A.B. asks: 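This is the structure I want to talk about, given as C-alpha cells.
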Protein chains: 2
Amino acid sequence: MSEISKEKEKSILNAARKRFAHYGFSKVTMDEIAGDVEMGKASLYYYFPTKEDLFKAVVVQEQSEFVNNIESLLRKQISAAEKLNEYVEQRLKYFRDLVNLGALSVHSVFDIKSMFKKLFEDFEAQELILLGKIIEEGKSNGEFSNDLSKDFVKIFLHILQGLRFRVVKLLNEHKADEDTYKNLECEMKIATNYLIKGISCK
Amino acid sequence: MSEISKEKEKSILNAARKRFAHYGFSKVTMDEIAGDVEMGKASLYYYFPTKEDLFKAVVVQEQSEFVNNIESLLRKQISAAEKLNEYVEQRLKYFRDLVNLGALSVHSVFDIKSMFKKLFEDFEAQELILLGKIIEEGKSNGEFSNDLSKDFVKIFLHILQGLRFRVVKLLNEHKADEDTYKNLECEMKIATNYLIKGISCK
DNA sequence: TTTTCGACTTATCAAGTAAATTAGTCGATA
DNA sequence: TATCGACTAATTTACTTGATAAGTCGAAAA
C-alpha cells in the first residue's frame with residue numbers, strides 16, 4: 001500500500017470519526033462518509049471491508065491512544081497512589097469519547113450482538129495488565145500492603161466499570177443532567193482514594 | 001374491608017408471587033392467577049386495580065421484608081464493620097429475589113417506562129438512611145474516621161449498585177455461568193472490606 | 001353492603017408484508 | 001493499484017392484521 005493510500009485511509013478514518021462522534025454508528029451512511037472525502041462509496045470498501053470494520057478502526061484508534069497515555073503515565077516518577085488516580089482520570093476521558101462515538105449508548109452496550117464484544121474483552125485484559133503493574137509497583141515500594149488479595153485489581157476495575165454503568169443507565173432514563181459526569185468523576189476519585197487507603201500500609 | 005377479604009388479598013398476593021417468581025411479569029396472565037385462587041379474573045380487579053399494581057404489591061412485600069431484616073440488624077450488638085458486611089449480604093439476597101420476579105431483567109431495568117421508577121427511587125433513599133445509620137454508629141464509637149466525606153454513604157451504595165449492574169449486563173450477554181452470582185458476592189465482600197479499612201481509624 | 005363473575009370492550013403484542021433505504025459486490029476503467 | 005457506476009442483497013421501517021390478555025360494567029349472589 002502506497003504512502004498516498006495510507007493518507008487516504010487516514011482521511012477516511014478521520015471523516016468517519018467525526019460523523020460517528022456526531023450522529024452515532026447507525027445514523028451515518030457510507031455514502032455520507034464517502035462524500036466527506038470526495039470519493040465514491042464503493043471506494044471506501046477498498047480500504048475497509050465493512051462499515052463495522054471502519055467503526056472498529058475508529059474505536060481502536062481511540063483505544064491505543066489511551067493505552068499510550070497510560071504507558072507514559074507508568075514511566076512517571078510519582079507514587080503508585082497518584083498513578084491510580086491519574087489512571088481513573090484518563091480512563092474517564094477515554095470512555096467519554098466512546099460515548100460520543102455512540103459506541104457506548106445503552107443500546108450498543110446492551111446489544112448482545114455488539115460488534116465490540118471481542119474488542120472490549122481484549123481491552124479489559126489490557127487494563128488488568130496496566131493496573132496490575134501499578135499495584136505491583138505499589139507493593140514493591142512499600143506503599144501497598146503485601147498481603148493484598150490477588151483479585152484486588154479485578155475488583156478495582158469492576159468498581160470503575162460498575163460506577164460508569166450506573167451512569168449509562170441514568171442517561172438512558174433521562175435522569176442525567178449536565179453534571180452527571182462531573183459527579184461520576186468525583187465518585188470515582190473518592191472511591192479510589194478510600195480504596196487506596198484500604199490497601200495502603202499504614 | 002373484612003378479615004376474610006384481607007385473607008383473600010393475601011392469597012392472591014401469594015399466588016401472584018409464586019407465578020411471577022417462576023415466569024416473570026409479562027408471562028403471567030391474570031386468568032392464571034385467578035385460577036390459582038379459584039376466582040374469576042374480574043374478581044382480582046376488586047382487590048388490585050391493575051396487573052401492575054398487583055406486581056408492585058409483591059415487590060413492596062419483598063422490599064419491606066428486607067428493610068425489616070436490616071432494622072433488626074441495626075439493633076444487633078456487633079461492630080459497624082460487621083454490620084456493613086451483613087448489609088451487603090442481605091442486600092444481595094433481596095435482589096436475587098427481585099431477579100427471580102423478573103423485576104430486574106435487563107429489559108425492565110432499561111425500560112424507562114419502568115413501573116418501578118418511583119419504587120426504586122424511594123428504596124434508594126431508604127437504603128441511604130439505613131447505611132447512614134451504620135456509618136454514623138461507626139463514627140461515634142470510634143471505629144470509622146471522623147473526617148469521612150459525607151458523600152461516602154452514597155458512593156458506597158453506588159459501588160454496590162454498579163457491581164450488581166455489571167452482572168446484569170453479563171447475564172444479558174449470556175456470558176454468565178452458575179457462579180457469576182457467587183463471584184459477585186465475593187467481589188462485594190472484598191470491596192466492602194477494603195473500603196472499611198479505608199475509612200477505619202487505624 | 002360487600003364480593004363475585006360472565007360477557008363485553010379495548011389495548012397490546014407478535015407475525016407477516018411491502019416499500020424504501022443502505023450495505024456491500026462486481027466488472028470496467030484509468 | 002485505486003476508483004467508481006451500476007447492480008444485488010440485506011436491513012430497516014412502517015403498516016396490517018389476528019390473537020391474546022388487560023381491564024370494565026352491570027347484574028346477582030352472599
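Letters A, B, ... mirror the listed sequences (proteins, then strands); counts begin at 1. Bear in mind the structure is a predicted one, so any value in this text is a computation, not a measurement.
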A.B. asks: Using whole Å, what does the distance between atom P of nucleotide D/dG26 and atom OH of B/Y45 come to?
C.D. replies: 18 Å
A.B. asks: Return the value, rounded to whole Å, for the distance between atom CE of B/M39 and atom C1' of D/dA29.
C.D. replies: 14 Å
A.B. asks: Which atom names give the shortest non-hydrogen contact between A/I196 and A/A81, and what distance separates them?
C.D. replies: CD1-O, 3.6 Å
A.B. asks: Please classify the nucleic acid contact of A/V37 as base, sugar-phosphate, or nothing, using heavy-atom distances under 4.0 Å.
C.D. replies: nothing
A.B. asks: Rounding to a whole Å, what distance do you find between A/E52:CD and D/dA10:P?
C.D. replies: 16 Å
A.B. asks: Below the 4.0 Å mark, does D/dT3 have OP1 or OP2 next to a side-chain nitrogen or oxygen of A/Y47?
C.D. replies: yes
A.B. asks: Whole Å only: how far is the CZ atom of A/F48 from the P atom of C/dG24?
C.D. replies: 13 Å
A.B. asks: Please pick, from C/dC5, C/dC26, D/dA22, the nucleotide with the shortest atom-to-atom distance to any side-chain atom of B/A42.
C.D. replies: C/dC5
A.B. asks: Consider only side-chain N and O atoms of B/E32 and B/Y23, and report whether a donor and an acceptor are under 3.5 Å apart.
C.D. replies: no
A.B. asks: Specify the residue among B/G40 and A/T29 whose closest nucleotide of DNA chain C lies further upstream toward the 5′ end.
C.D. replies: B/G40
A.B. asks: From C/dG24, D/dG23, C/dG6, pick the nucleotide closest to the side chain of B/T50?
C.D. replies: D/dG23
A.B. asks: Given 3.5 Å as the limit, does a donor-acceptor pair link the side chain of A/E143 with the main chain of A/A80, or not?
C.D. replies: yes
A.B. asks: Regarding A/K8, tell me which of base, sugar-phosphate or nothing describes its non-hydrogen contacts under 4.0 Å with the strands shown.
C.D. replies: sugar-phosphate
A.B. asks: Suppose we call a contact any N or O donor and acceptor under 3.5 Å apart; does that hold for the side chain of B/K41 and the base of D/dA21?
C.D. replies: no
A.B. asks: C/dT4 C1' sits how many Å from B/L44 CG, rounded?
C.D. replies: 11 Å
A.B. asks: May I ask you to say what A/S43 touches in the nucleic acid, namely base, sugar-phosphate or nothing, with a heavy-atom cut-off under 4.0 Å?
C.D. replies: base
A.B. asks: Can you tell me the distance, in whole Å, between the CD atom of A/E7 and the P atom of D/dT1?
C.D. replies: 19 Å
A.B. asks: Tell me whether the rings of B/F25 and B/F55 are parallel (<30°), tilted (30 to 60°) or perpendicular (>60°).
C.D. replies: tilted
A.B. asks: Walk me through it: do B/Y94 and B/E65 pass the test side chain to side chain donor-acceptor pair (under 3.5 Å)?
C.D. replies: CA-CA 9 Å; B/Y94 164 63; B/E65 227 171 272; over 6 Å; no
A.B. asks: Nearest whole Å is fine: how far is D/dT20 C1' from B/M30 CE?
C.D. replies: 15 Å
A.B. asks: With respect to the phosphate group of D/dT3, does any side-chain polar atom (N or O) of A/Y46 fall under 4.0 Å of OP1 or OP2?
C.D. replies: no
A.B. asks: Could you check how far CZ of B/F55 sits from P of D/dA22, rounded to whole Å?
C.D. replies: 13 Å
